[in-house]
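In this chain, residues are counted from 1 in sequence order. Read the numbers this way: they start at 1 and go in the same order the structure lists the ligands and their atoms.
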Amino acid sequence: MQITFDNSYATLPAQMFTRLDPTPVTTPHLIAINEALAETLCLRMGDDPGDPEIAQVFAGNTVPGGAAPLAQVYAGHQFGQWNPQLGDGRAILLGEVLGPDGMRRDIQLKGAGRTPYSRGGDGRAWLGPVLREYLVSEAMHAIGVPTTRALAAVTTGEPVYREEVMPGAVLTRVAQSHIRVGTFQYFAARQDIGALKALTDHVIARHYPDATGPEDLLNAVVARYAALIAQWMGLGFIHGVMNTDNVSIAGETIDYGPCAFMDIYHPDTVFSAIDQFGRYAYSNQPGIGGWNMAQFATSLIPLMLDQDKAIETFTTAVNTFPDHYRAAWLSVFGAKVGLSKPVEADRNLITDLLALMATDRADFTNTFANLDQPNARDQFINRDAFDEWEKRWRTREPDPALMAKSNPQVIPRNHQVEAVIAAGVAGDFEPFHALLSAVTDPYADLTEARKKYARAPSKDEMVTRTFCGT
Ligand code: AMP
Ligand code: MG
């Protein structure tokens with residue numbers, strides 16, 4: 001296989017990463033390869049999709065020519081607690097490629113073995129989180145949410161020891177970069193101004209070429225991150241681990257761990273088994289987003305000559321987060337109810353619908369997907385209340401075409417993802433491929449075959465707890 005690498009992170013100061021190869025595995029088998037994405041990256045794989053060489057590369061057994069494998073160091077606030085030393089503990093960046101679209105992208109193997117940043121971990125991933133991340137990240141991309149992508153998934157033929165013995169797997173992840181808020185925090189905390197400056201220059205050149213300095217960069221990241229979280233909210237998506245080390249500076253959704261889409265709408269929903277206090281509950285996501293941007297701002301302060309003044313201007317920048325978010329939210333939810341130019345008064349119209357949905361335990365995705373259908377009221381217990389709401393809404397002349405492209409029919413529902421993982425563990429990847437093709441065509445009409453993926457789970461089927469990818 002041929003990959004034309006063009007590595008830039010590897011040229012940055014040496015304290016920013018550790019060079020090392022992935023640890024080989026015994027018997028790699030390809031589960032999936034994302035051919036459309038491979039094309040975007042100009043990967044040359046030959047004509048035989050069954051070529052065992054492909055699995056060797058995406059398991060980390062064969063390091064392709066031109067790669068500069070390394071693990072990146074970072075720090076982060078985990079559930080609000082400062083951790084000065086994190087890093088790629090189970091991921092190895094193979095290198096970067098420049099696509100024909102001019103975009104630089106990282107190719108990273110996740111689950112590729114131990115690194116100096118593994119702490120107590122084994123450096124591996126088991127099949128469950130690999131399949132989950134593949135499905136959810138590709139669904140997010142198809143829906144139109146900025147996200148890391150999945151290029152390939154392989155099984156390793158090796159056991160991974162968690163609460164039970166599980167089959168090991170490696171996910172190949174593609175991202176605009178893997179630079180996080182926590183990457184900045186790591187160098188700021190050590191007062192390593194040289195690395196912090198090099199990182200900032202790298203990020204500006206790579207992701208925000210119009211930014212003229214740290215303040216500009218901060219403003220741009222704040223705007224992108226606020227827009228991203230508004231998109232999550234519009235899907236009922238709960239990231240689950242919005243730690244600062246899981247916040248991409250490029251504004252992509254990254255690190256799909258115990259993430260999930262809500263079935264029944266309720267603003268307090270939490271899925272992650274480790275999120276005891278609901279810090280990352282659905283309705284807390286925008287607030288945490290602002291908090292994360294404050295940590296990013298703090299990490300840029302050491303770069304500034306006049307730090308008192310910088311604290312003032314950076315505070316102003318961080319304080320624009322709620323405004324950006326509110327504007328993005330109105331445009332996201334406006335589109336979902338068919339309003340291309342929502343006005344402030346529409347905010348109440350939308351929150352009134354959400355309040356009805358919460359009271360009546362309506363399915364989030366299906367309520368919006370069917371809002372302009374005669375069966376819309378079936379999602380509600382108090383149908384009169386919905387009818388009243390609908391009357392108000394109809395006076396705004398919603399656009400059905402806008403609604404059709406703003407409300408996915410099919411998302412990777414928890415219970416479906418869990419079923420796919422269970423089948424995969426038993427060696428059957430057909431359900432994975434079927435669900436993948438359904439969720440990567442989210443706005444298409446519901447054919448007979450797709451209906452089962454759109455159906456909300458029954459009470460017995462519903463999955464209300466999800467677990468970390470570790
Ligand atoms: P996450 O919760 O997935 O964002 O991971 C938090 C930190 O733990 C990161 O620095 C990971 O690299 C590290 N980590 C997670 N799982 C493992 C593992 N199995 N082996 C080594 N390090 C891990
Ligand atoms: Mg992480």
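- Every atom of ligand 1 with a heavy atom of Arg124 under 4.0 Å away is listed here by number and element: 19 (N).
- Looking only at protein N/O/S atoms, the ones less than 2.8 Å from the Mg ion (ligand 2) make 2 in total.
- Below 4.0 Å from some heavy atom of Arg119 lie the following atoms of ligand 1, by number and element: 7 (C), 8 (O), 13 (C).
- Between Phe237 and His239, the ring planes are perpendicular. Angles over 60° get that label, and only those under 30° would be called parallel.
- Between Tyr265 and Phe364, the ring planes are tilted. Angles from 30° to 60° get that label.
- Of the residues Phe187, Tyr208, Tyr9, Phe17, the one that meets the ring pair (Phe, Tyr, Trp, His ring centres under 6.0 Å) test with His202 is Tyr9.
- Checked against a 6.0 Å centroid threshold, the rings of Phe296 and Phe184 count as neighbours.
- Taking each of Gly87, Gly89, Gly120 in turn, the one with a heavy atom nearest to atom 10 (O) of ligand 1 proves to be Gly87.
- Counting the atoms of ligand 1 from 1 in the order shown, those under 4.0 Å from a heavy atom of Asn246 are 4 (O).
- For ligand 1, the atoms closer than 4.0 angstrom to any heavy atom of Asp255 are 4 (O).
- Taking a cutoff of 4.0 Å between a charged side-chain nitrogen and a carboxylate oxygen, Arg413 and Glu461 do not qualify as a salt bridge.
- Of all heavy-atom pairs spanning Gly157 and Thr27, the tightest one is CA-OG1, 3.4 Å.
- Heavy-atom contacts of Gly123 reach the following atoms of ligand 1: 18 (C), 19 (N), 20 (N), 21 (C) (cutoff under 4.0 Å).
- Not a single heavy atom of Val241 sits closer than 4.0 Å to an atom of ligand 1.
- Ligand 1 does not have Lys110 within reach: every non-hydrogen atom of the residue lies 4.0 Å or more from it.
- Annotation: cation-pi geometry satisfied between Arg190 and Tyr186 (NZ/CZ under 6.0 angstrom from ring centroid, within 45° of ring axis).
- When the side-chain hydrogen bond (donor to acceptor under 3.5 Å, both in side chains) test is applied to Glu138, the partners found at least two apart in sequence or on another chain are Asn34, Arg149.
- A perpendicular orientation is assigned to the rings of Phe368 and Phe333, their planes being inclined by more than 60° (bins at 30° and 60°).
- With a heavy-atom cut-off of 4.0 Å, Arg180 does not touch ligand 1 at all.
- At a 4.0 Å heavy-atom cut-off, ligand 1 touches Tyr74 through the side chain alone.
- Evaluated by nearest non-hydrogen atom to atom 19 (N) of ligand 1, the leading choice among Asn83, Leu86, Asp122 is Asp122.
- When only modelled atom types and interatomic distance are considered, Gln185 and Thr244 share a side-chain donor-acceptor pair under 3.5 Å.
- Taking a 4.0 Å cut-off on heavy atoms, Arg114 fails to register as neighbouring ligand 1.
- Among Arg90, Gln78, Gln85, the residue whose heavy atom lies nearest to atom 6 (C) of ligand 1 is Gln78.
- Using a 4.5 Å cut-off on side-chain heavy atoms (C-beta onward), Leu41 and Ile3 make no contact.
- A side-chain N or O of His178 and one of Arg173 form a donor-acceptor pair less than 3.5 Å apart.
- Here is the list of ligand 1 atoms found below 4.0 Å of a heavy atom in Arg162: 19 (N).
- Remark: the backbone N or O of Gly144 is paired with a side-chain donor or acceptor of Gln231 at under 3.5 angstrom.
- Near Gly121, meaning under 4.0 Å from one of its heavy atoms, ligand 1 places the atoms 20 (N), 21 (C).
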